[in-house]
Amino acid sequence: MIRSMNQATSEHLKWKASEGIFDLRDAVSSLIASYMTPKLICNLKPGTQAELIDYFKAFNIDWFRSPFAPSTWKIIYKVLKARREAMQVIKDALKKRKESRENHGDFLDTLLEDMEKEDSIYDEASVINLLLVIGVVSKDTTSVATALMVNLLSKNPNVIAELKREHDAILQKREDKEAGLSWEEYKYNMTFTNMVINESLRLSNLGSILFRKALKDVEIKGDYMGKLYMSTGYTIPAGWIVAVAPSVVHYNSEIYENPLEFNPWRWEGKDLRSVTKTLMVFGGGTRQCVGADFARLQMTVFLHHLVTTYDFSVVQECEMTRTPLPCFTKDLLINISPKSPK
Ligand code: HEM
């Protein structure tokens with residue numbers, strides 16, 4: 001995966017550098033769709049694959065933007081049409097794959113293999129849905145997170161400078177200068193990058209609300225969170241649905257000093273890749289986001305290319321609403337140009 005991400009990100013940024021001002025979220029969304037789609041189903045004809053990429057791109061969460069504007073209905077129509085057409089392409093591919101019984105090593109193969117097991121939780125409808133969901137969610141979430149991160153970076157030149165130091169050191173150590181970012185570099189040489197990603201995910205709060213059902217009565221003790229929150233205890237009765245708002249934790253000044261400040265250094269010496277009770281950007285408990293590692297990796301690859309190869313400037317900052325899903329009302333527009341030689 002890292003090789004595909006690396007190549008697609010490098011090529012997209014090169015292309016964008018020659019284009020002038022561009023919408024960063026849209027660019028990241030396109031680049032993810034371009035390498036993710038063949039990983040889901042790899043043997044589509046080139047024309048059909050291009051169509052599926054377009055359907056994935058058109059089936060997005062933008063229709064949340066302005067519920068009362070007439071244009072919203074047009075967007076909803078386009079989104080539903082894209083969904084129907086994407087599902088048809090996936091359905092045809094699944095039918096052909098089942099008939100041919102060929103093995104292509106893509107995600108469709110994995111799901112079909114699982115579907116044939118006796119105790120499988122999958123049937124054809126859920127396989128089609130899952131392929132569609134992964135195709136859409138992978139690009140929509142990661143592109144928003146990347147745009148918000150770059151928006152924050154643009155206002156913090158000291159953070160960009162530290163990132164450059166970390167990534168230039170990686171380039172200097174790399175023996176094969178033609179090789180892209182390696183898994184080892186990602187895992188062992190990117191402490192500050194992970195601090196930046198954690199901090200920007202904490203401030204971005206993309207998972208606005210998580211739902212959990214109490215399977216039995218849950219007693220909340222009065223002193224459970226210290227006297228700041230409650231003095232007496234209470235019980236959440238079995239069967240109740242609880243809405244958890246991670247932002248309450250992420251913006252708590254008892255946990256994060258100056259919580260609204262973008263300060264990656266606050267993560268120094270802390271566990272950087274786990275979900276904890278104080279960092280729930282990818283959910284909490286045993287059932288968390290399945291794409292967390294993917295998103296972190298793609299954000300890292302993007303940063304690597306951005307800070308090692310380009311200078312960038314923000315032409316328009318992004319703005320967003322939370323209704324409650326985070327939606328951009330203004331996209332992040334940036335300009336990138338190849339770094340001037342030192
Ligand atoms: C920065 C990017 C992302 C953020 C902030 C994010 C956040 C979340 C959150 C908060 C949840 C709910 C977890 C819970 O209930 O505890 C979730 C679930 C999920 N995410 Fe993500 N996500 C991101 C990227 C992705 C990507 C890239 C994929 C797919 C490749 C993905 C697929 C999913 C799926 C399928 C679920 C449902 C898991 C389940 O219920 O079993 N997410 N995500």
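Each ligand, and each atom within it, is numbered from 1 in the order the structure gives. Along the sequence shown, residues are numbered consecutively beginning with 1.
Asp168 and Gln172 share no donor-acceptor pair across their side chains, judged by distance under 3.5 Å alone. Between the side chains of Ser30 and Lys57, at least one donor N or O lies within less than 3.5 Å of an accepting N or O. In this model, a donor atom of one side chain and an acceptor atom of the other lie less than 3.5 Å apart for Ser120 and Asp114.
For atom 17 (C) of ligand 1, the nearest non-hydrogen atom from the set Gly291, Ala295, Cys289 comes from Cys289. Comparing heavy-atom distances from atom 39 (C) of ligand 1 across Gln298, Met36, Arg287 singles out Arg287 as nearest.
Here the heavy atom of the protein found nearest to atom 24 (C) of ligand 1 is Thr141 OG1, 3.1 Å. Scanning all protein heavy atoms for the shortest distance to atom 31 (C) of ligand 1 gives Val137 CG1, 3.5 Å. Closest to atom 33 (C) of ligand 1 among all protein heavy atoms lies Val290 CG2, 3.7 Å. Distance from atom 1 (C) of ligand 1 to its nearest protein heavy atom, with residue and atom name: Ala145 CB, 3.6 Å. Considering only non-hydrogen protein atoms, atom 38 (C) of ligand 1 sits nearest to Gln288 O, 3.8 Å. Atom 6 (C) of ligand 1 has its closest protein heavy atom at Phe282 CD2, 3.6 Å.
Heavy atoms of Val281 found under 4.0 angstrom from ligand 1 belong exclusively to the backbone. At a heavy-atom cutoff of 4.0 Å, ligand 1 is contacted by the side chain of Arg212 but not by its backbone. Looking at Ser138 against ligand 1, both its backbone and its side chain come within 4.0 Å, counting heavy atoms. At a 4.0 Å heavy-atom cut-off, ligand 1 touches Phe294 through the side chain alone.
Atom-to-atom distance recorded for Lys330:NZ and Asp23:CG is 13.5 Å, nearest 0.5 angstrom. Atom CG of residue Asn6 and atom CD of residue Glu11 lie 10.0 Å apart, to the nearest 0.5 angstrom. Rounded to the nearest 0.5 Å, atoms CG (Leu112) and NE2 (His104) are 10.5 Å apart. The CE atom of Met299 lies 4.5 Å from the CG atom of Leu201; values are rounded to the nearest 0.5 Å.
Ion pairing of Glu99 with Lys96 is absent here, as no side-chain N (NZ or NE/NH1/NH2) approaches a carboxylate O to less than 4.0 Å. A salt bridge links Glu199 with Arg266: at least one charged nitrogen is closer than 4.0 Å to a carboxylate oxygen.
Below 3.5 Å of separation, one finds no N or O of Leu201 facing any N or O of ligand 1.
Each of the atoms 16 (O) of ligand 1 lies under 4.0 Å from some heavy atom of Gly284. Heavy-atom contacts of Gly283 reach the following atoms of ligand 1: 10 (C), 13 (C), 14 (C), 16 (O) (cutoff under 4.0 Å). Interface atoms of ligand 1 facing Leu210, defined by a heavy-atom separation under 4.0 Å, are 10 (C), 12 (C), 14 (C), 15 (O). Each of the following atoms of ligand 1 lies closer than 4.0 Å to a heavy atom of Leu206: 5 (C). Annotation for ligand 1: atoms under 4.0 Å from non-hydrogen atoms of Thr142 are 27 (C).
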**Message:** Determine whether Ile32 and Phe294 satisfy the following criterion, side chain to side chain contact (heavy atoms under 4.5 Å, CB included), listing intermediate values before the conclusion.
**Reply:** CA-CA 11 Å; Ile32 293 176; Phe294 172 93; 3.9 Å; yes
**Message:** The test is side chain to side chain contact (heavy atoms under 4.5 Å, CB included); show your working for Leu181 and His305 and say whether it passes.
**Reply:** CA-CA 9 Å; Leu181 187 66; His305 287 282; 5.6 Å; no
